[in-house]
**Q** 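My questions will all concern the structure given below.
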2 protein chains.
Amino acid sequence: MPSKTFNIALDTQAFDQMTAKQKQIISAAIDLFSEKGYANTSTKEIAAKAAVAEGNIFSTFHNKRGLLEAIINPVLRSIFPTTAQLSTVTQPAPYKSLRDYMYDFCTERLAFLKANRQVIKIFVAEIIYNDKLRQRLIKDFPASNRYWLQMADNLDQLKAQKLLVNWDNIKILKTIWSVMGGSVLGYLFFDQPIKTATLEQNIDTATRLLAYR
Amino acid sequence: MPSKTFNIALDTQAFDQMTAKQKQIISAAIDLFSEKGYANTSTKEIAAKAAVAEGNIFSTFHNKRGLLEAIINPVLRSIFPTTAQLSTVTQPAPYKSLRDYMYDFCTERLAFLKANRQVIKIFVAEIIYNDKLRQRLIKDFPASNRYWLQMADNLDQLKAQKLLVNWDNIKILKTIWSVMGGSVLGYLFFDQPIKTATLEQNIDTATRLLAYR
DNA sequence: ATATTTTGAGTGAGCACTCAATCAATTTCC
DNA sequence: GGAAATTGATTGAGTGCTCACTCAAAATAT
C-alpha cells in the first residue's frame, strides 16, 4: 500500500508520532469511510484492510467514534488553514485586479480540497446527522484565527481600492462558495473532475458578481 | 399523530391504496430517517413510533431497504414534476422580464422543496454512498419528460425575446441552482429558514448572471 | 527479565428478518 | 339472521448473525 500523505493542518505532529500500524489503520479507515460511509463500515473490515488485529483499533482510538474523530478533527481545525499553511492568498498583497485575487483564492482552496478529498467527503457526510459537529462548525466559522483576519484584511483592502463590492465579508465568502459549490459537490460526491475551463468560468462569474459598483 | 401530507408526485395512487398502518410506517420512517439517518435507525424503532408490530414492516415492504425505496422513489420520479403538478412556471407564458421568470421558477421549486423537506433530505443523504441511485439520477436528469421539455421551451422563448443569455439550457439550470444552492443546503441540513429577502437576493443574482448580453 | 505492544477468540447486545399463532373482516351455508 | 368457514392482515417472541468492544495470552522490544 502506498503511504498516504496528509496535507491537513498540523496534526501531522500527532500523525508523525503514530506507529506504522496506527497509520495503516487511519489510512484504511479513510479509504473505507469515504467509499462506503462510516455507518456502513465495520471495524473488522478496517482491521483487515490495515493488516492489523482488530483489537489494535480499540487500544489506540478507544472506540469506533474515536477513530472517526481522529480523522475528522484535523479537517475541522484546518478548513480555514492555520498559520503554517498560509499561501499567497492570505498574505497582504496589493492585488491589481479583483480577478487576480479570486484566482488565487479559488485555486488555493481547491488545492486544499483536492489534497484532502476523501477526508472532506467523510466530514461533509458526517455533518448531515451529527448535531455536535454541526454546532462546532457553525461556531468556529468566523473564528478569529489568523487566516480569517488576514483574509478580511485583503478583502477590506480590495474594497478600499474600489475593486470589490462593499458587502460584509461573510456575504462575500458565501457568494464565492455559492458559485463554486456546484463544482465542489460534483467533485466530492459525483467524481466529476474540476476542469480548468470550468474553474475559470466560476472565477469569472464570482468576479462579475463581486465587482465594485 | 397528525396525518402527513405527501406532495410528492402521483405516488399518492400507491399511497392512497395503503392501509392506515402502512401509512403510519412510512410516516414514522420519514421522521426517523430524516432525523437520524437511514443506517442509524432500526426497524424496531420505526415500528414503535408507528405503533405497529415490527413484522408489519416486512410483510409490506419486504425489507428495510424496500421501505427506504418506497420513500425515495417518488422523489426520484418527481424532482422534475410530472404533468399533474405543472405550475405557472412550466406553462408557456410570454414573460415580460427575465426576473419574472426567475421568480416563478425559484418560488415554485422552493415550494416543492419546503413541501418535501424531510424526504429530500433523506434522498440527498442516501445518494452520497448509493452508487445505483446516483447513476439513476444522472441518467434521468435530462430525461425528456414533459416538465423538462416545457421548461426548455420557455427558456428558448426567453432567448428569442433577447431576455436570456444564449447558453445551453443545462448550463442555465446549473447557474440558477448554483446561486440557490447555499440557501437550499442551509435549509435542508442546517435548519436555516430561507428568508424572503435572501430569496429575492438570490433571484436578483441569478437574473443578473443570466441576463441577455 | 521486564515492559510494552499486538493479537484474535470470545462476549453480550442489537440488528434485520421469520413465522406460527392470533385476530378481524368477509363469505358461505343452513 | 346467525353460526361456521375462509381469507388476509397483524402480531411479537424467536432466530441467526454481525456488530463494537474486551482481555488474557502471545509476541516483541528494551
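In what follows, chains carry the letters A, B, and so on, assigned in the order in which the sequence lines appear, proteins first and then strands, with residues in each chain numbered from 1. Hydrogens, waters and symmetry mates play no part in the numbers below; they use all other heavy atoms, side chains included.
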**Q** Can we say A:R99 and A:E200 salt-bridge, meaning some charged N sits less than 4.0 Å from an Asp/Glu carboxylate O?
**A** yes
**Q** Compare all side-chain heavy atoms of A:K36 with those of A:E45 and state whether any distance is below 4.5 angstrom.
**A** yes
**Q** Separation of A:K21 atom NZ from D:dT28 atom C1', in whole Å?
**A** 10 Å
**Q** When you measure from the side chain of A:S27 to the backbone N and O of A:K23, does any donor-acceptor pair fall under 3.5 Å?
**A** no
**Q** Pick from B:N154, B:I176, B:L155, B:D100: which one makes a side chain to side chain contact (heavy atoms under 4.5 Å, CB included) with B:F105?
**A** B:I176
**Q** Which residues in residues 53-65 of chain A have at least one heavy atom lying under 4.0 Å from any atom of DNA chain D?
**A** A:E54, A:F58, A:N63, A:K64
**Q** I would like to know whether A:T43 and A:F58 meet side-chain contact (heavy atoms from CB on, under 4.5 Å); could you show each step before the answer?
**A** CA-CA 9 Å; A:T43 48; A:F58 296 96; 3.7 Å; yes
**Q** Report the distance from atom CD1 of A:I25 to atom C1' of D:dC21, rounded to the nearest whole Å.
**A** 14 Å
**Q** Specify the residues of residues 34-45 of chain A, ordered by number, for which at least one heavy atom lies under 4.0 angstrom from an atom of DNA chain C.
**A** none
**Q** Rounding to an integer number of Å, can you tell me how far B:I46 CD1 sits from C:dC17 C1'?
**A** 13 Å
**Q** Say whether B:R136 and B:N130, considering side chains only, have a donor N or O and an acceptor N or O under 3.5 Å apart.
**A** no
**Q** Between CE of A:M180 and OG1 of A:T198, what distance do you get to the nearest 0.5 Å?
**A** 10.0 Å
**Q** What is the distance, rounded to the nearest whole Å, between atom CD of A:Q22 and atom C1' of C:dT4?
**A** 13 Å
**Q** Looking at A:K174 and A:D168, is any side-chain nitrogen of the basic one under 4.0 Å from a carboxylate oxygen of the acidic one?
**A** no
